[in-house]
Amino acid sequence: MENLERKKNAMKVIEDEVFALTNSPLYSERTKNKAFPVIGEGSLSAKIICVGEAPGRNEAKTGHPFCGASGKILDELLQSIGLRRESIYITNIVKDRPPLNRDPLPEEIVAYGPFLDRQIEIIEPKVIATLGRYSMNYIMNKFDLKSLLEPISKAHGKMYKAKASYGDITIVPLYHPAVAIYNNKTKDTLKQNFQILKQFI
Ligand code: URA
């Protein structure tokens with residue numbers, strides 16, 4: 001089977017599994033709020049994958065990642081380096097919205113993390129840009145870089161080399177775009193940090 005077809009099928013299996021995840025810690029939020037899980041979207045042959053934390057209200061309403069206020073910032077950042085949203089893959093660790101947008105709980109990360117792991121194996125990105133500290137912690141731990149973990153205030157904009165099952169990758173921790181909504185200084189920092197991704201386009 002053609003590679004892209006194989007990837008589409010594998011992603012569809014993940015989507016079906018997440019939709020059927022009635023025992024997930026956030027399933028009741030989905031039904032209570034008539035919300036959707038957010039699987040992710042973009043190119044399945046992307047060199048770059050952006051990993052956020054969890055869907056917010058707009059995302060859970062529509063099923064699309066980063067389509068609210070944080071998404072506007074993300075779009076602006078991608079535009080600033082001439083990167084089209086469709087050319088990367090955008091997803092989150094947690095696929096359902098935590099109530100009131102609170103931070104994801106450890107058990108939620110345990111429940112949804114394996115889906116992200118499989119998405120990475122399907123897409124085989126060269127670069128994983130983590131958005132926010134939860135995503136940074138998860139990805140750095142996953143790729144055995146726990147000993148290099150620092151607070152995001154120190155780690156943002158650095159490049160960490162790691163080995164994935166399919167080859168060498170670079171992990172780039174970035175601040176979460178939500179932090180830049182009301183903070184222009186963080187937005188400038190994010191813009192600077194996004195320049196790092198240019199070399200991988
Ligand atoms: N914040 C995230 O981490 N992910 C989204 O999809 C939206 C907001």
Side-chain angles (χ1 to χ4, degrees), residues 11 14-15 18-19 21 24-27 29-30 33-44 46 48-79 83-120 123 125 127-142 151-153 155-157 171-183 186-187 189-191 193-194 197:
M11 206 56 97
I14 292 180
E15 183 175 330
V18 174
F19 268 81
L21 204 66
S24 102
L26 291 171
Y27 185 77
E29 290 301 312
R30 202 195 290 173
N33 303 312
K34 293 204 181 81
F36 295 101
V38 179
I39 310 300
E41 65 189 15
S43 166
L44 298 185
I48 302 174
I49 178 168
C50 285
V51 181
E53 291 176 2
R57 193 161 64 94
N58 289 296
E59 288 77 17
K61 217 191 226 170
T62 60
H64 298 289
F66 284 95
C67 63
S70 305
K72 268 207 182 119
I73 302 273
L74 180 59
D75 286 344
E76 201 180 319
L77 293 164
L78 292 171
Q79 248 173 36
L83 196 52
R84 284 177 311 114
R85 198 185 230 257
E86 311 80 65
S87 68
I88 63 169
Y89 192 83
I90 304 174
T91 188
N92 293 296
I93 320 175
V94 170
K95 311 300 192 196
D96 281 298
R97 182 191 179 208
L100 303 171
N101 294 353
R102 63 150 168 70
D103 289 341
L105 298 175
E107 60 265 33
E108 291 159 3
I109 292 174
V110 167
Y112 292 95
F115 296 107
L116 172 63
D117 296 348
R118 283 162 59 193
Q119 289 177 303
I120 292 170
I123 296 168
V127 180
I128 304 179
T130 61
L131 306 175
R133 67 197 159 97
Y134 285 92
S135 164
M136 173 185 77
N137 289 343
Y138 183 83
I139 293 292
M140 292 287 280
N141 279 324
K142 170 178 164 57
I152 195 155
S153 56
H156 72 91
I171 297 165
V172 183
L174 298 164
Y175 281 123
H176 195 288
V179 186
I181 295 174
Y182 301 108
N183 186 332
T186 309
K187 195 167 169 183
T189 306
L190 260 168
K191 268 200 180 135
N193 289 170
F194 258 70
L197 301 181

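Order of appearance sets the numbers: ligands from 1, and atoms from 1 within every ligand.
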N/O contact list for ligand 1, threshold under 3.5 Å:
from     : atom 1 : to   : atom 2 : distance (Å)
ligand 1 : 1 (N)  : A54  : O      : 3.4
ligand 1 : 1 (N)  : H176 : NE2    : 3.2
ligand 1 : 3 (O)  : E53  : N      : 2.8
ligand 1 : 3 (O)  : A54  : N      : 3.4
ligand 1 : 3 (O)  : A54  : O      : 3.3
ligand 1 : 3 (O)  : N92  : OD1    : 3.3
ligand 1 : 3 (O)  : H176 : NE2    : 2.8
ligand 1 : 4 (N)  : A54  : O      : 3.0
ligand 1 : 4 (N)  : N92  : OD1    : 2.7
ligand 1 : 6 (O)  : F66  : N      : 3.0
ligand 1 : 6 (O)  : N92  : ND2    : 3.1

Could you note down all residue pairs passing side chain to side chain donor-acceptor pair (under 3.5 Å) where residues 102-112 supplies at least one of them, sequence neighbours left out? S24-Y112, D96-Y112, R102-E108, D103-R133, D103-Y134
Rounded distance [0.5 Å steps], CZ in R85 versus CZ in F66: 8.5 Å
Inter-residue atom distance I128.CD1 - S135.OG, 0.5 Å rounding: 8.5 Å
Just wondering, are more than 12 heavy atoms of other shown residues or ligands nearer than 6.0 Å to CZ in F36? no
From L131 CG over to E53 CD, what is the distance, rounded to the nearest 0.5 angstrom? 8.5 Å
State, to 0.1 Å, how close I152 and L174 come at their nearest heavy-atom pair, and which atoms those are. CD1-O, 3.4 Å
